[in-house]
Amino acid sequence: MSALAVTAVAGSLLAGCGSDKRSGLEKVADSYASALEKRDASKAANLTTSPVQAGEAIDATLRGVDPERVDVEIANPVSYSDGSGSFTLKTTWDIGTTPHAGADAPHRTFVTTSQATARHLSAGWRLQWNPSLIYPGLQPGGSLQVIDTDAKPVPKVVAADRSTWMAQQPVNTVTIAFSKTPDPVGSARALSADLAPVAPAITTEVIRKAGAAANGAPATVVSLRDDDLAALPNDPATIPGVAVTKGSDLLVLDRRLNTPLSAGVKAAWQDIRDATSGWQARMVNPNAAPVIIDQQQGKPGPNLTTTFDPNTQLVLEDSVVEVAQPAAMMVLNATTGGIQAAAFNSAASAGDLSLTDSYLVGRTLDPVRAAIDAGANGDDKKRGAITDTLGLGLSFQVPGVQAVGQTVQASSSTSSMSVVPVSFDKSDPKSTMLGMGALGLAIAQGKTVLPSFVTVGKTKVTGGDPGTVDPKVNAAINAAMKTTAATGDASDLVDAPGLRALVGTNGPQGPGWFLGIQGNRVVVIYCEGEKSGTASLAVAQRYFREMR
């Protein structure tokens, strides 16, 4: 409620019911202030001499500022004998707290002051409309806006060896709008041909589907670095319906490092930027540079440190291409639980494999199940406790880990992904790659070890009670894994001293798994298709050969 309105109500109560000694000018000023405080552009505009133009300008400003609260004070109302008047508007715009800030964080506000004039017309008092009623100097078609600003310098994403893995880089976003071309198929074909030197996977069909799904709106086709754009034979923007927009994005500096882990890291990095962002309130007039009204710059955020190991990543990428069928691989630090690398071959990427989706394990975990059964000795409560400590069936929320193509909700510190590692059901056992890795960590350390990837935020676990694995159960599992490596299915692997392994498939058509513990690393391999167990061993052999 405006300051003047409060005064008027108090006066009314003192004078008696129904008494209102405010002037017509004061009443229209109060009504305009009240409508603006309620963010009712239509009601405010109808109190002016030009409701249509006023409504457009007020609505544009309310949308551009997007205030959480608006407070308006009316000062110095003066009526003149010719049926006109004037007063001062002091508007406090509350745009809320910084994104992801706590409930006690201070609100961001800025204040605008403007002069208003009014006239007494046949319909009553009305404010003389002029865009400057919103802010001095505002022109027709202009509005006030609030934008987020990034703290400088922009944080980087750092690997475990302290090298810069990812950083903000200039990009060129290529979009296509079928509504802006007379020949959508022809434009898609031409764009695919232009992109072929740097993005051969962007086929005519891929572009056609993206454009059709956008229903005439611009559809993003690809984002290109400056040197990639320069390498194209033609400028894509010359194709009807195609536009190229310059911007920036978080990119991997070494293009050889192609990992599904980068998706979740980008979300975590953005959380840091949001938490340290500043803001700027500005007046934007047509064909003019924005005028800054007020601003506050955020303090630079820390770099995002990860457990990512670039050298291990390169080895994994070489290993998964050892087979033509879909193959995926992950390596974790057996002591800390840090995810060091993950890779998919092209067949796995085309099949939308994920680190966090569940896949059948078949006979792979038979030695684990046998050891749990022996340790539980028919006691279901004890069986559940042993299963929990091995990480089986627990749900992990790992900051910075995200399934490919899956949107993650931002949190106060970092983005994260809930995964169900193993559905430990005798009739239908399933595991995610991350879940199989958690099992390997528990076996290696004799206790539940929570997987991790970024150094902000902590992994959360639900669905059971982590703890120390029953020593007899863990000894039995380790003995079975040593046997598999020495004389069993993994015995042909060389260059892997001290290896403990689980190998298995879900029948002739797979999928096939390899879970290995060697030195301070847990190695998880997943393959699909016929003879997938053999394929997983081929990938493992390539890995151990290159890591020796």
Side-chain angles (χ1 to χ4, degrees), residues 159-161 165 252 254-263 306-334 338-356 359 361 364 401 404 431-437 439-441 444 451 453 481 484-485 489-505 510-548:
D161 62 3
W165 171 25
V252 174
D254 185 344
R255 299 192 194 201
R256 298 176 301 166
L257 302 174
N258 184 20
T259 174
L261 294 169
S262 59
T306 70
T307 59
F308 181 71
D309 183 344
N311 292 327
T312 301
Q313 178 64 34
L314 293 175
V315 173
L316 263 61
E317 291 180 36
D318 285 343
S319 301
V320 292
V321 298
E322 186 72 8
V323 296
Q325 62 204 86
M329 190 172 185
M330 174 186 281
V331 171
L332 303 91
N333 182 296
I339 301 171
Q340 296 182 317
F344 296 162
N345 64 9
S346 57
S349 297
D352 295 326
L353 287 190
S354 167
L355 302 177
T356 54
Y359 305 105
V361 299
T364 310
V401 177
V404 174
S431 177
T432 65
M433 289 193 66
L434 185 56
M436 196 68 82
L439 171 61
L441 294 173
F453 188 51
M481 294 179 71
T484 298
D489 290 339
S491 59
D492 289 339
L493 297 178
V494 296
D495 300 315
L499 175 66
R500 291 165 279 169
L502 292 172
V503 182
T505 66
W513 290 88
F514 174 91
L515 173 62
I517 304 171
Q518 196 236 359
N520 198 38
R521 297 192 175 191
V522 172
V523 180
V524 180
I525 300 170
Y526 172 80
C527 294
E528 292 185 341
E530 189 176 358
K531 297 183 179 180
S532 53
T534 301
S536 69
L537 290 170
V539 173
Q541 181 64 81
R542 177 69 177 268
Y543 166 79
F544 289 120
R545 184 186 306 125
E546 294 202 18
M547 288 298 294
R548 62 184 174 183

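Scope of the values below: all heavy atoms of this structure, side chains included, with no hydrogens, waters or symmetry mates.
A salt bridge does not link Asp318 to Arg545: none of the charged nitrogens lies less than 4.0 Å from a carboxylate oxygen.
Using modelled atom types, one finds no donor on one side chain facing an acceptor on the other under 3.5 Å when comparing Tyr543 with Gln541. Between Thr484 and Arg500, the side chains place no donor N or O within less than 3.5 Å of an acceptor N or O (distance only, hydrogens not considered).
Here the side chains of Asp309 and Arg521 are in contact, with some heavy-atom distance below 4.5 Å. With a 4.5 Å cut-off on side-chain heavy atoms, Thr505 and Pro511 do not count as touching. Here the side chains of Leu355 and Leu261 are in contact, with some heavy-atom distance below 4.5 Å. Side-chain contact between Trp165 and Pro310: absent, with no pair of heavy atoms (C-beta onward) separated by less than 4.5 Å. At least one side-chain heavy atom of Val331 sits less than 4.5 Å from a side-chain heavy atom of Leu316. Between Asn258 and Val252 there is no side-chain heavy-atom pair separated by less than 4.5 Å. A heavy-atom distance below 4.5 Å is found between the side chains of Glu528 and Leu353. Met481 is not listed as a side-chain neighbour of Leu499, based on a closest heavy-atom distance of 4.5 Å or more.
Remark: side-chain polar atoms of Asp495 are not paired, donor with acceptor, to backbone N or O of Arg548 under 3.5 angstrom. Between the side chain of Asn345 and the backbone N or O of Ala327 there is at least one donor-acceptor pair closer than 3.5 Å. Side-chain atoms of Thr432 come within 3.5 Å of backbone atoms of Gly435 as a donor-acceptor pair (strictly under, hydrogens ignored).
Here Met329 contributes atom CE and Ser536 contributes atom OG; the two are 10.0 Å apart, rounded to the nearest 0.5 Å. In this structure, Leu502 CG and Leu439 CG are separated by 7.0 Å, a value rounded to the nearest 0.5 Å.
The nearest pair of heavy atoms linking Ala334 to Leu441 is CA-CD2, 3.7 Å. Taking all atoms of both residues into account, the shortest heavy-atom contact from Ala501 to Phe514 is CB-CE1, 3.9 Å. Residues Val539 and Cys527 approach most closely at CG2-SG, 4.4 Å, considering heavy atoms. In terms of heavy-atom proximity, Ala328 sits nearest to Met433 at CB-SD, 3.5 Å.
Classified by interplanar angle (parallel below 30°, tilted 30° to 60°, perpendicular above 60°), the ring pair Phe308/Phe453 is perpendicular.
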query = Can you list the steps and then say if Met330 with Leu332 is a side-chain contact (heavy atoms from CB on, under 4.5 Å)?
reply = CA-CA 7 Å; Met330 174 186 281; Leu332 303 91; 3.8 Å; yes
Verdict with reasoning, Ile525 to Trp513, per side-chain contact (heavy atoms from CB on, under 4.5 Å) = CA-CA 6 Å; Ile525 300 170; Trp513 290 88; over 6 Å; no
task = Evaluate side-chain contact (heavy atoms from CB on, under 4.5 Å) for Leu537 paired with Leu493, printing each intermediate quantity in order.
result = CA-CA 8 Å; Leu537 290 170; Leu493 297 178; 4.2 Å; yes
Test log, rule side-chain contact (heavy atoms from CB on, under 4.5 Å), inputs Met547 and Gln518 = CA-CA 11 Å; Met547 288 298 294; Gln518 196 236 359; over 6 Å; no
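Residue Arg256 qualifies as open at atom CZ: its count of foreign heavy atoms under 6.0 Å is 12 or below.
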